[in-house]
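Remarks on the structure that follows.
For ligands, and for the atoms within them, numbers begin at 1 and follow the listed sequence. Note that the numbering runs from 1 along the sequence shown for the chain.
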Amino acid sequence: MKFSNLKLTTPYLNLEPIFYCEVEPSPLKNPFVISVSDDAARLLGVDEELMLDDKLLEIINGTKKLKGSKPFAMCYAGHQFGYFVPRLGDGRAINLGKVNGQNLQLKGAGQTLYSRHGDGRAVLRSSIREYLISEAMYGLGIATSRALAIIGSDSDVARQTWEKGAIVLRLSPTWIRFGTFEYFYAKGDYERLQLLADYVIGESFAHLKNTKNLYLEMYKQIVKNTAATLAHWQSVGFNHGVMNTDNMSIDGRTIDYGPFAFLDDYESNYVCNHTDTEGRYSFKNQPGIAHWNLAKLANALSPIINYEHSLEVLEEHFGTTYESKYLELMYRKMGLFDTKEGDIDLLKLMLSSLERANIDFSMFFYKLSTYSGKKKYILEIAVFQEPLQEWLESYDERLRCESLRQDRRHEEMLKVNPKYVLKNHILQEAIEKAERHDFGMVNDLLKVALNPFGEHKDLEYLAKPTPLSSKNIKLSCSS
Ligand code: AMP
Ligand code: MG
């Protein structure tokens, strides 16, 4: 199947017009394809190379339509940095329709009814980041929206300086957010709130359809999915940066990538978003913020689910799901496959040692995956070695009780500790090249994003350590 032969449906438009506005994309000037993910296209049933599809560019630029496509933007509200904003919505995202359970969406395709004062555009810099991180999160096994392609253009877009406009074609099984429920709750429109819940169950939780307390079961599933995704984020050192309720997907997957970062040195207080001066969305706050957001969702659902019952579900399932997933992931990363008393203390001690050692989080685990007792091999990447030296002694002792042979243990650890991590300094280098019309590095990064645990002999340069001046930098929200 060729991409341009896909036939879309638009089930969201079966809801009443209050849920959306129909809108045509505004094409960019002199568009060109920068990169495509054939891997993402396979989700749609596409098995012919995207680059060979001569209509791909026009479809993404909005000058040609896929069969059945009826472009529209969705409305939603949201808590932004703790404060409620009753009307947000897709201000620069335009949905094209759905195929194979995936909703296609153009980001940066122009203004909609919900643009407020925005220009409806996305700049090349932030589009490259979103394109690559979507595929990288997938490569790491984390629930995420995907990105099928990115196009660039000659259109000027005003930010702090003039930049060029770009469009990413994103895919997700749902684009409904916690904030979509908040929109109808704030309007007091409980009838539409219930219609939305029914839609969400059909789209994301069809397996619950015949259960008792259907809406409560839906909420429970949202709590569990969100907790599991957060455990994944924390295990790989991912800082999202803008966990507003309008950026929380109703099925718990990661969406709306902005000033995100993977930790360089392990620093639990790290805040990637430069405008987040209070550190609301710091790395260590993320699970707590997810819980806060889920409580706001419970409130928004209160006309159709007893609020006390929702909170009980939240208290019963968030912490337990988060903790069991987090421990499972972290023990695998540490190579602890047997369960021993004291493992949790070893994990806590490891994190506090990493914090004091000033050591790269991902590189530490990658090196630990081939560690055979020579402490220098690990310590050489730490600025302060003493805290880690002590931890390695306890770790050595613990490893002696493991039943799995060292070579097998290493093999298993290398499946979860990536060699290639899309750190900000690497993305920045690719962006600067792309701004000079050299897209080779974007395509190299796509390869390692999709297979971060593999060896890429010709792409070793993408696994280099972060230069001191670029460690744990903060990023601007402007995109
Ligand atoms: P974000 O922080 O990127 O999730 O965006 C928050 C809200 O602002 C969403 O409703 C976006 O659609 C909207 N928005 C962000 N940038 C723009 C833009 N350039 N033009 C129009 N709307 C925008
Ligand atoms: Mg958003």
### Electrostatic pair E429:K433 at N-O distance under 4.0 angstrom
yes
### Query
What is the closest protein heavy atom to atom 12 (O) of ligand 1, and at what distance does it sit?
G91 N, 2.7 Å
### Query
So, do F260 and H240 have ring centers that fall under 6.0 Å from each other?
no
### Query
Counting only heavy atoms, which portion of R121 has something under 4.0 Å from ligand 1: side chain, backbone, both, or neither?
backbone
### Query
Would one find an N or O of D90, backbone or side chain, under 3.5 Å from an N or O of ligand 1?
no
### Task
Ignoring hydrogens, tell whether any protein atom lies closer than 4.0 Å to atom 3 (O) of ligand 1; use the non-hydrogen atoms only.
yes
### Task
Could you tell me the residue and atom name of the protein heavy atom closest to atom 23 (C) of ligand 1, and the distance to it rounded to 0.1 Å?
R92 CG, 4.1 Å
### Message
For R159, which part has a heavy atom under 4.0 Å from ligand 1: side chain, backbone, both, or neither?
### Response
side chain
### Message
Tell me if the centroids of the rings in F184 and F19 come within less than 6.0 Å of each other.
### Response
yes
### Query
Under 4.0 Å from any heavy atom of D256, which atoms of ligand 1 are there?
4 (O)
#### Entry: Ring-ring centroid check Y266 F364, cutoff 6.0 Å
no
### Task
Could you tell me whether F32 and H437 have their ring centroids closer than 6.0 angstrom?
yes
### Task
May I ask you to identify the nearest protein heavy atom to atom 5 (O) of ligand 1, giving residue, atom name and distance to one decimal place in Å?
D246 OD2, 4.8 Å
### Task
With K419 as the cation and Y366 as the aromatic partner, state whether NZ or CZ is under 6.0 Å from the six-membered ring centre and within 45° of the axis.
no
### Criterion side-chain contact (heavy atoms from CB on, under 4.5 Å) against S155, the qualifying member of L28, V123, I167
L28
### Message
Just checking H309 against Y307, ring centres under 6.0 Å apart?
### Response
no
### Message
Can you confirm, on distance only, whether ligand 1 has an N/O atom lying under 3.5 Å from any N/O atom belonging to G89?
### Response
yes
### Message
Working to the nearest 0.5 angstrom, can you tell me the gap between T275 OG1 and Y281 OH?
### Response
10.5 Å
### Task
Just say parallel, tilted or perpendicular for the rings of F365 and F361, cut-offs at 30° and 60°.
perpendicular
### Task
Measure N247 to ligand 1 on non-hydrogen atoms and call it side chain, backbone, both or neither using the 4.0 Å cut-off.
side chain
#### Entry: Polar side chain donor-acceptor pair, D198 to Q194, under 3.5 angstrom
no
### Message
Quick check on contacts: which atoms of ligand 1 are under 4.0 angstrom from a heavy atom of Y76?
### Response
9 (C), 10 (O)
### Query
By number and element, which atoms of ligand 1 are closer than 4.0 Å to a non-hydrogen atom of G120?
18 (C), 19 (N), 20 (N), 21 (C)
### Query
Of all the atoms in ligand 1, which lie at a distance below 4.0 Å from a heavy atom belonging to R116?
7 (C), 8 (O), 10 (O), 13 (C)
### Message
Regarding N244, does it place an N, O or S atom less than 2.8 Å from the Mg ion (ligand 2)?
### Response
no
### Message
Can you confirm, on distance only, whether ligand 1 has an N/O atom lying under 3.5 Å from any N/O atom belonging to L88?
### Response
no
### Message
At under 4.0 Å between heavy atoms, is it the side chain or the backbone of D119 that contacts ligand 1, or both, or neither?
### Response
both
#### Entry: N/O/S from D256 sitting under 2.8 Å away from the Mg ion (ligand 2)
yes
### Any Q80 heavy atom less than 4.0 Å from ligand 1
yes
